[in-house]
Amino acid sequence: MFALIDCNNFYASCERVFRPDLNGRPIVVLSNNDGCVIARSNEAKAVGIPMGAPAFEYEKLFQEHDVQVFSANFALYGDMSNRVITILSDYSPEMEIYSIDECFLKLKGFDLFNLQTYGEGMRYKVSKWTGIPISIGISPTKVLAKVANRIAKKYPNETQGVYIIDSEEKRVKALKWLKVEDVWGIGRQHSKRLSAIGVKTAFDFTQLNDEFVKKQMAIVGLRLKHDLQGIPTLDLEETQIKKSIATTRSFETNYTTYEQLAERINTFASSCAEKLRKQNSCCNSLMVFIHTNGHRKDLPQYSRNIVVKLPFPTSSSIELVKFATQALQKIFKQGYAYKKAGVIVQDFSQADNLQQTLFESRDKRHIPLMQTIDKLNLLFGQQKIRLASQDTKRVWKMKQQKLSPHYTTNLNDIITINL
DNA sequence: TCTGGGGTCCTAGGACCC
DNA sequence: TCTGGGGTCCTAGGACCC
């Protein structure tokens, strides 16, 4: 059996852990730059705030319902996520961390366990130790575990937050209940096409023939179908090493000069380098992109990206910044109002097992240098040591007007208890 | 005025090889 | 008139996820 454990309204729940006065009240969390709604408490969903809603369009609704608005506090969410995952990892030796608020556990050899009780135990411990509410779905395949999780979340009282699909009868009932567009792996495009041929529920989808599904949705769709039928097709993916790493941002205003963009690209490249070093990888290629604001139909639009194959694998900030700058020079065009840019590194090698190159190679002196920089930044705070090409005056800043304290990751922000 | 960020996997088609 | 067959690698782009 697989268990899918999912934190309920995760970011909103994290904010609420340290603000119990907000229990029962609508909460939303905004994306970077306080742009869009990226998380909502149940109360916020109930007053009709959709996922992805632009904050400025919903200001009035927020006021009407006294919605508590938070800027994204990823330091807090990341730390809370680690705590939840640490607790859950005790419940099975095999775990896949699927996202910041979700993980799969493989329950192999648990035949003699009462899985309902086991799941309720997880819920109790996670709630008691972290304050985060979770829902659990258990079933013989990953996709069905997703379905079961949805039922647990939708009917918390009837299920105690744990739902198990362990019989043909339950499987069919669940699939007839689930709309096809709500199936994990069926997005907007596929559901549009499926709906057009009369496929409305997950059950309808499982009644299609294999050839047809494969033709329409490729091998991915076919695997999905089999998993829904109860034939285990997807297994845990336990590798923690990322295959690409990105740092991208929208700007708070439009940038028009090369210098402004170059500073951003340098900072993004250096951030990618840091993340690479954290997982002990070097990258062999890098992409830089810049684009104007697509929402502004009144302004001339420009959007380009460029992929650069590096002459040698590296994770040195200095080298990656150099290559990223060269890439930017190739795509930058004067006369546009840029709104967003980013650097993505990909094609990794393990840092301790690098292919030697004949003519060019990375500067080996950078290895201890980068280690020292990482250590100092860990000790004295992020970005204490920067490259001179990054903005040392820190003029650039994200809009974060409603940022909550870093309760669990900064000693200065730790909560005070008045007895 | 304002509209996020970070990932994964798969496929088709081009370029190239012998 | 007629123009092989079997591969690999790379890239762009689509679709999806949270």
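We name chains A, B, ... by the order of the sequence lines, and we start the count at 1 in each one.
- Nucleic acid contact class of A:Ile186 (heavy atoms, under 4.0 Å, all strands): sugar-phosphate only.
- When all heavy atoms are compared, the tightest approach of A:Phe110 to A:Tyr91 is CZ-O, 3.6 Å.
- Taking side-chain N and O atoms only, A:Lys146 has a distance below 4.0 Å to OP1 or OP2 of C:dC18.
- At least one side-chain nitrogen or oxygen of A:Lys340 sits closer than 4.0 Å to the OP1 or OP2 atom of B:dG5.
- Across the protein-nucleic acid pair, A:Ile241 atom CD1 and B:dC9 atom P stand 13 Å apart, rounded to whole Å.
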Does the ring-ring contact (aromatic ring centres under 6.0 Å, His included) test come out yes or no for A:Phe104 and A:Trp184, once each step is laid out?
-> CA-CA 14 Å; A:Phe104 287 98; A:Trp184 183 45; 5.7 Å; yes

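- In terms of phosphate contacts, A:Arg223 brings no side-chain nitrogen or oxygen within less than 4.0 Å of OP1 or OP2 of B:dC9.
- Heavy atoms of other residues, nucleotides or ligands lying less than 6.0 angstrom from NZ of A:Lys45 number more than 12.
- Ring-centre distance between A:Tyr11 and A:Phe70: not below the 6.0 Å cut-off.
- Considering every non-hydrogen atom in both A:Ile164 and A:Gln116, the closest pair reads CD1-N, 3.5 Å.
- OP1 or OP2 of B:dC2 sits under 4.0 Å from a side-chain N or O of A:Arg296.
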How does DNA chain C look in dot-bracket notation if pairs are Watson-Crick or G-U with both distances under 3.5 Å, crossing ones as [ ], other-strand ones as |?
-> ....||||||||||||||

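- In this model, the phosphate group of B:dG6 is approached by a side-chain N or O of A:Arg249 to a distance below 4.0 Å at OP1 or OP2.
- Each of A:Ile219 and A:Thr247 was assigned the nucleotide of DNA chain B with the nearest heavy atom; the assignment lying further toward the 5' end belongs to A:Thr247.
- Closest approach of A:Tyr338 to A:Phe251, counting heavy atoms only: O-CD1, 3.6 Å.
- The pair A:Lys153-A:Glu102 fails the salt-bridge criterion, with no side-chain N (NZ, NE, NH1 or NH2) lying under 4.0 Å from an Asp/Glu carboxylate O.
- Residue A:Phe10 is out of contact with every strand shown, counting any heavy-atom pair closer than 4.0 Å.
- Distance CG (A:Asn33) to C1' (B:dG6): 16 Å, rounded to an integer number of Å.
- Here A:Arg193 reaches the OP1 or OP2 of C:dA15: one of its side-chain N or O atoms lies under 4.0 Å away.
- Contact annotation: A:Lys339 does not reach the phosphate of B:dC2 (side-chain N/O to OP1 or OP2, under 4.0 Å).
- Toward the 5' end of DNA chain B, the nearer of the two residues A:Ser244 and A:Gly35, judged by each one's closest nucleotide, is A:Gly35.
- Between B:dT1 and A:Thr253, no contact under 4.0 Å exists linking OP1 or OP2 to a side-chain N or O.
- Nucleic acid contact for A:Val37: none, since no nucleic acid atom lies under 4.0 Å from a heavy atom of the residue.
- Using a 4.0 Å heavy-atom cutoff across all strands shown, A:Leu30 reaches no nucleic acid atom at all.
- Contact annotation: A:Lys242 side-chain N/O to B:dG7 OP1/OP2 distance is under 4.0 Å.
- Per the geometry, CD belonging to A:Gln346 stands 13 Å off P belonging to B:dC9, to the nearest Å.
- Distances shown here put a side-chain N or O of A:Thr248 below 4.0 Å from the OP1 or OP2 atom of B:dG6.
- Relative orientation of the A:Phe74 and A:Tyr77 rings is perpendicular, given thresholds of 30° and 60° on the angle between their planes.
- Between A:Arg25 and A:Asp66 there is a salt bridge, since a side-chain N of the basic residue sits under 4.0 Å from a carboxylate O of the acidic one.
- Rounded to an integer number of Å, the gap from CD of A:Gln189 to P of C:dA15 is 5 Å.
- Counting non-hydrogen atoms under 4.0 angstrom, A:Asp34 reaches nothing in the nucleic acid.
- We find that CD of A:Glu237 is positioned 9 Å from C1' of B:dC9, with the value rounded to whole Å.
- Among the atoms of the strands shown, only primed sugar atoms or phosphate atoms (P, OP1, OP2) are found under 4.0 Å from some heavy atom of A:Glu102.
- Residue A:Lys399 has no polar side-chain atom (N or O) positioned under 4.0 Å from OP1 or OP2 of B:dT1.
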